[in-house]
Amino acid sequence: MSKKVFAAETHELDDHAISWFGLCPWSRTACFGTEDGHFGIVAKRHQYKARHKVRFHRGAGEPVNGVAFLEDIVMFTSRSAMIAVRRDGTGRDRLNTRHVEIDYGSHGVVGLPAARSFLSAHGHDGLVLAMPREGGVDTKQIIAPEFDFQQVLSLGSPWGPDVIAAACGTRGVVGFRFDRGQKDIPIHVRTGEGSDVAVIAKVGHPDLPYAVVAVDADGTISFLDDVLGGGGVHQITPPYPIGVVYEAIVSSGHLFILTSTHLHCVPDLVKKVLARAESFNGFGFECDASDLLPVGKRSFALIGGSTADVIEFEADRLVRQAAESKATVRGRKRPSGRPVSLIKRVTDIDLTTDTPVWESFHNKIVSSDSTSLVAAV
Amino acid sequence: MCVEHSGTVTGPVHPVRTEPDGYCYFFHDKHHTPANTGDAQWRPDLSEADEFQIFSDAARHRVEVGGDLFGVRVLETGEVDVIGTRSERVAKFEKPNSGVPWHGFPYYPIVRNERDRPRKYPVPRKAILKMREAGLITRTQCQRLEKGKRR
């Protein structure tokens with residue numbers, strides 16, 4: 001067991017606990033959801049101060065579990081409702097005081113740029129398409145009862161309709177193109193026999209626009225070249241149990257997996273898959289966070305741990321520091337400034353490595369089965 | 001000891017009373033009939049002993065909201081187990097009329113709003129927080145359940 005110190009930033013609010021954290025594409029500042037259901041954006045003119053002024057919008061009283069932006073609307077979701085708020089025309093960080101509340105609890109939400117809609121996951125009740133219009137939001141349920149939609153990802157729409165990936169537990173990973181006008185949607189099912197997909201992560205590489213990484217409940221990592229059915233599935237099996245799989249993200253080409261006990265990392269996963277590498281390595285740190293979220297393309301945040309509400313790491317830097325033989329110790333910088341709301345600190349975080357470094361993984365390329373099913377809109 | 005009832009009790013009664021309040025429990029047929037899609041179903045491979053243990057823990061720790069009890073099954077791996085056929089992880093035990101044993105069923109994690117059906121509310125947040133206070137779940141598990149996360 002060895003202890004290392006990593007450069008990080010922590011974020012906390014004066015009066016609220018943070019349940020979701022990310023980057024607001026309008027203001028390019030931090031935004032967050034709270035455990036009491038509020039959504040906030042750090043005011044643009046305060047972005048370089050240690051204490052940030054926050055513009056709040058009140059929600060449904062349940063912890064925010066997902067946030068998506070689309071044009072001038074933000075949708076934030078919880079177990080009890082989905083709330084759509086339009087941006088106020090007077091500033092990039094200002095929200096309209098009015099909102100539209102949709103009576104669906106959700107497991108999370110994404111924005112679909114081509115369909116100009118939001119798509120959210122509702123377990124066995126399928127997916128819900130929320131289509132903003134002037135003065136309201138229309139909804140449509142996409143039903144496929146045999147699938148348990150636990151997580152949806154938007155893989156973008158570079159050449160036409162949006163491409164969606166969804167984690168569906170024992171039914172594996174499903175992928176489909178979505179066009180708002182469609183009545184039936186052909187769904188591609190990408191799954192190995194006996195799999196139980198816990199989470200999926202967007203790869204986001206220009207050469208593999210529809211690639212996702214799926215992590216099974218037993219820790220097996222599957223890299224799918226194309227969620228729509230082409231390409232291969234590269235499978236990597238960790239050499240020891242990694243804990244209850246909570247979340248996974250790919251940041252700067254590295255894979256991070258949050259489990260009930262650890263934050264695991266497979267450095268340069270994307271680069272190695274593209275190079276057809278036959279072995280992978282990885283490492284893990286003790287961690288008590290409850291959520292893992294991307295912050296822009298190069299950073300990620302751990303939510304709900306005992307150290308702080310949010311700990312933000314730059315992915316490349318963490319991997320680089322982990323590879324260094326000696327711990328890097330940085331001076332603490334305490335912020336100053338007038339008390340407002342979101343408190344940001346540049347700090348060092350102790351992470352304890354108690355797992356052996358992963359070595360010599362076998363990169364097994366398994367079959368790439370694809371089945372077409374139909375879901376009714 | 002709890003004994004067999006007739007009438008409203010449509011299923012086998014567990015012989016043991018809970019502590020400290022001495023509640024009786026029965027395994028309601030309608031929640032053990034996988035073909036019945038109108039009611040929540042316990043996972044078929046979950047034993048009666050497991051189901052009763054969830055109820056017993058909820059009763060012992062008095063995880064009560066509005067008279068109803070709520071419980072979970074936490075595995076040795078630290079996972080809050082799936083107990084229902086629709087990925088439910090929390091059980092609800094509705095307060096029965098006087099003299100009638102309790103029964104329970106898996107409770108959906110998020111608000112359901114199905115076409116032509118009444119809106120169904122999820123496990124109350126207060127119940128999840130009470131399970132945390134009682135030590136049935138950890139802080140992290142509490143945060144995950146509060147957000148309707150699968151694991």
P241(A), A217(A), G105(A), G123(A): which one forms the most heavy-atom pairs within less than 4.5 Å of chain B?
-> G105(A)

For E35(A), is it the side chain, the backbone, both or neither that has a heavy atom under 4.5 Å from a heavy atom of chain B?
-> both

Evaluate the criterion ring pair (Phe, Tyr, Trp, His ring centres under 6.0 Å) for residue pair F21(A) and H11(A); output intermediate values, then yes/no.
-> CA-CA 9 Å; F21(A) 188 85; H11(A) 306 267; 4.6 Å; yes

What residue in S260(A), S19(A), G126(A), A17(A) has the most heavy-atom pairs under 4.5 Å with chain B?
-> S19(A)

Chain B contact via S80(A) - side chain, backbone, both or neither, heavy atoms under 4.5 Å = both

Backbone N or O of V16(B) within a donor-acceptor pair of the H14(B) side chain at under 3.5 Å?
-> yes

Identify which part of L145(B) has an atom lying under 4.5 Å from any heavy atom of chain A, answering side chain, backbone, both or neither.
-> backbone

Cut-off 4.5 Å, heavy atoms of chain B, and the answer for A289(A) is backbone

Select one option (side chain, backbone, both, neither) describing which atoms of D288(A) are under 4.5 Å from chain B's heavy atoms.
-> both

Expected output: side-chain W42(B) to main-chain G104(B) donor-acceptor under 3.5 Å | yes

Greatest number of non-hydrogen atom pairs under 4.5 angstrom with chain B, of S106(A), G108(A), S78(A), G243(A), falls to S106(A)

Determine whether the side chains of S87(B) and D148(A) contain a donor N or O and an acceptor N or O closer than 3.5 Å.
-> yes

Under 4.5 Å from a heavy atom of chain B, the part of S306(A) involved = both

Are any side-chain N or O atoms of E146(A) and backbone N or O atoms of H124(A), one a donor and one an acceptor, separated by less than 3.5 Å?
-> no

Bottom line for V128(A): the part with an atom under 4.5 Å from chain B's heavy atoms is neither

When only pairs under 4.5 Å are counted, which of R139(B), E79(B), K149(B), Q141(B) shares the most heavy-atom pairs with chain A?
-> R139(B)

Non-hydrogen atoms of chain B under 4.5 Å away: do they reach the side chain of V199(A), the backbone, both or neither?
-> neither

Can R144(B) and E247(A) be counted as an ion pair, charged N to O under 4.0 angstrom?
-> yes

What part of Y108(B) gets closer than 4.5 Å to chain A, counting heavy atoms only: side chain, backbone, both or neither?
-> side chain

Using the ring of each side chain (for Trp, its six-membered ring), is Y23(B) parallel, tilted or perpendicular to F55(B), with breaks at 30° and 60°?
-> tilted

Taking the six-membered ring for Trp, are H28(B) and H31(B) parallel (under 30°), tilted (30 to 60°) or perpendicular (over 60°)?
-> perpendicular

Rounded to the nearest 0.5 Å, what's the gap from CD1 on I137(B) to CE on M131(B)? Could you check?
-> 5.0 Å

